[in-house]
There are 2 protein chains.
Amino acid sequence: MAKAARRVTSADVARAVGVSRTTVSFVLNDRPGQSIPEETRRRVLEAAQRLGYRPHAPARALAAGRSDIVLLSLHSMTQGPTVTSVVEGLAAALAARRLTLVLHLGGEGTRPLPDVCAAVAASAVLGLEPFDAATSAALYEAGADVVLPTETDSLADYQREVGRLQAEHLIARGHGRIGYATPGIALAEPIANERLRGVGQACAAAGLAPPVVLTVDLEADSAARAVAGWRQEGVSAVCAYSDEVAVAVLAGLRERGLAAPDDLAVVGVEDMPTARLAGPPLTTVAFDSHALGRELADAVLEALEGRRYGLAADARHFRLIPRSST
Amino acid sequence: MAKAARRVTSADVARAVGVSRTTVSFVLNDRPGQSIPEETRRRVLEAAQRLGYRPHAPARALAAGRSDIVLLSLHSMTQGPTVTSVVEGLAAALAARRLTLVLHLGGEGTRPLPDVCAAVAASAVLGLEPFDAATSAALYEAGADVVLPTETDSLADYQREVGRLQAEHLIARGHGRIGYATPGIALAEPIANERLRGVGQACAAAGLAPPVVLTVDLEADSAARAVAGWRQEGVSAVCAYSDEVAVAVLAGLRERGLAAPDDLAVVGVEDMPTARLAGPPLTTVAFDSHALGRELADAVLEALEGRRYGLAADARHFRLIPRSST
DNA sequence: ATGAAAGCGCTAACAG
DNA sequence: CTGTTAGCGCTTTCAT
């Protein structure tokens, strides 16, 4: 099955056109500050095209000392339509700058991120939540030039905004005691905590008591117990960490012979199809994740060029979608 | 944010130990057929460790003519727990052979797969469904040594097995007229067709009429129309392409004031959490996707070594999980 | 405006 | 058993 065919090299192109490899390199990378006659330029491009020339990435990386690979680290927790579209937005924005995005899905038996970073010689390593100092250091050690976001980037603002939107919607509907449904999963905790904080801020701003936090696993029993807990506390509406968790709450209600929104209103995050199709359809917070992807891309680009970058929540990226679960 | 620190090279390690780079290369790759004294070996390893040496992947790829990168192409359609765990199984099995898996998520504005392949200098490119001849060719052109699966690999058997399991379950429960719910999405079609074929085979084997195929989009209205269609045809049970589609059917039933399993039994594929938590909980077909991942890994490894590989459905990888929607 | 030449860090014959 | 010697394909000063 393996193919042998000798690669077409830049020397082949140079020879075909009758110029030096240097010239070929200059036009192919359209290096600024060089003045190559349009005619030469055209002929080089044409020959490259005709011969099916592809720059050899490893050689280029070796010589130039940097690759055009950007690595995005994901874990199974972070999945669904939102992430898909963040990735699309990011990939598109990076592609426009000639950078290539690849993904690493962390998990069971998977390689450590720094190893992957080194293996693909990534120039930048990205995540959907801040890397702690130790991880960043390991990533730099592995050859990354840029690691994003770090703990000093206030990506957390994004998450707080989500919580705030959920709670404000509920408060506007007249709910006076809010609950929060968190999954009992370590990986989700950093994000869950920020979202919860946002909920808390909205409650405080409205003069309400802090949210009643309960853990709900992705099964009906666990959710049913939480439902009982909230009702006992006089909670009439709950913000869920995600649509998945929210659907679990819905299942918990069903198990108790109750239903949203009358017995307990519930709002999720993500706008995933199965939640939109739940009984009842779930109110949720959606991201303009393409925009978020583009923003991340901008930050990477700036950092890669050694400029200062900014990464801050923009409320316009979020949108509460009311449906019948509230 | 950018780091400068000169890389530690194999020459540094060699110098530290007082041997040549060759020796270092040999012990680090523990090259077979070389007899390096345990003592030397140990000292090299120790020095490498101490200096924090990491082989430079591009240099290695350039010199050796091949990388240890395997690229898996995914598109947004294929997502969820199953894929996650295929990826984990695959990554783990590859890691054991010192290969690194990275993902490419195709979609809107994303780079063409061959470009990504070239950018990471992948030795092998994998997909979850067969690549057509043109794509394979482009991938080889882009430098891949192995492309898997191709149209000659009977990966389709896996999908037919899924459909067969769904239908047999329904038939065993006494259903005499089966429906099939397919999403109206081009990307899903190849797989949907195979699964449907499996359903058809089970029906034929039981002496039943072929399944009544209806398209259902991921929204209640569309599903409600399909539900009406099936009931009119005397269909009492439907196999859905996926859990997502199955949840839509459930929503369609709800919209009509009907419910599974009495008015229409429904079975999905994937075993995703939100479907398990649906009303009613969804019967589904789950994969042992870790196993599938390992199998794919074996095939890659064999192909990479130029050996013949086999890729065939193993019924033990699938399991029907009965719940109350049937 | 273009070319010559010197590497980037590593592997792999081939000697010794 | 280990070292010497060539490159792998590309970028990039520095001359011309």
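Convention: sequence-line order gives letters A, B, ...; per-chain numbering from 1.
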[atom1] of [X] versus [atom2] of [N]: gap in Å, rounded?
X     : N      : atom1 : atom2 : answer
B/R21 : D/dA6  : CZ    : C1'   : 11 Å
A/L28 : D/dC10 : CG    : P     : 9 Å
A/R15 : C/dA4  : CZ    : C1'   : 16 Å
A/D12 : D/dC8  : CG    : C1'   : 14 Å

Answer yes or no: is there an ion pair linking [X] with [Y], defined by an N-O contact shorter than 4.0 Å?
X     : Y     : result
B/D12 : B/R7  : no
A/D68 : A/R97 : no
B/E46 : B/R42 : no

**Asked** What is the nucleic acid contact for B/T9, judged by heavy atoms within less than 4.0 Å: base, sugar-phosphate only, or nothing?
**Response** sugar-phosphate
**Message:** What's A/P55 touching, base or sugar-phosphate or nothing? Going by heavy atoms closer than 4.0 Å.
**Reply:** sugar-phosphate
Of the listed nucleotides ([options]), which one gets closest to any side-chain atom of [X]?
X     : options               : result
A/H56 : D/dC10, C/dG3, C/dG9  : D/dC10
B/A63 : D/dG9, C/dA13, C/dT11 : C/dT11
A/F26 : C/dG3, C/dT11, D/dC10 : C/dG3

Just N and O in the side chain of [X]: are any of them under 4.0 Å from OP1 or OP2 of [N]?
X     : N      : answer
A/S20 : C/dG3  : yes
B/R66 : C/dA12 : yes
A/S10 : D/dC10 : yes
B/T40 : D/dC1  : no
B/S25 : C/dT11 : yes
B/T23 : D/dC1  : no

**Message:** Below 30° counts as parallel, above 60° as perpendicular, anything between as tilted: where do the rings of B/H317 and B/Y158 land?
**Reply:** parallel
**Message:** Looking only at the side chains, is there a donor atom on one of B/S123 and B/R66 sitting less than 3.5 Å from an acceptor on the other?
**Reply:** no
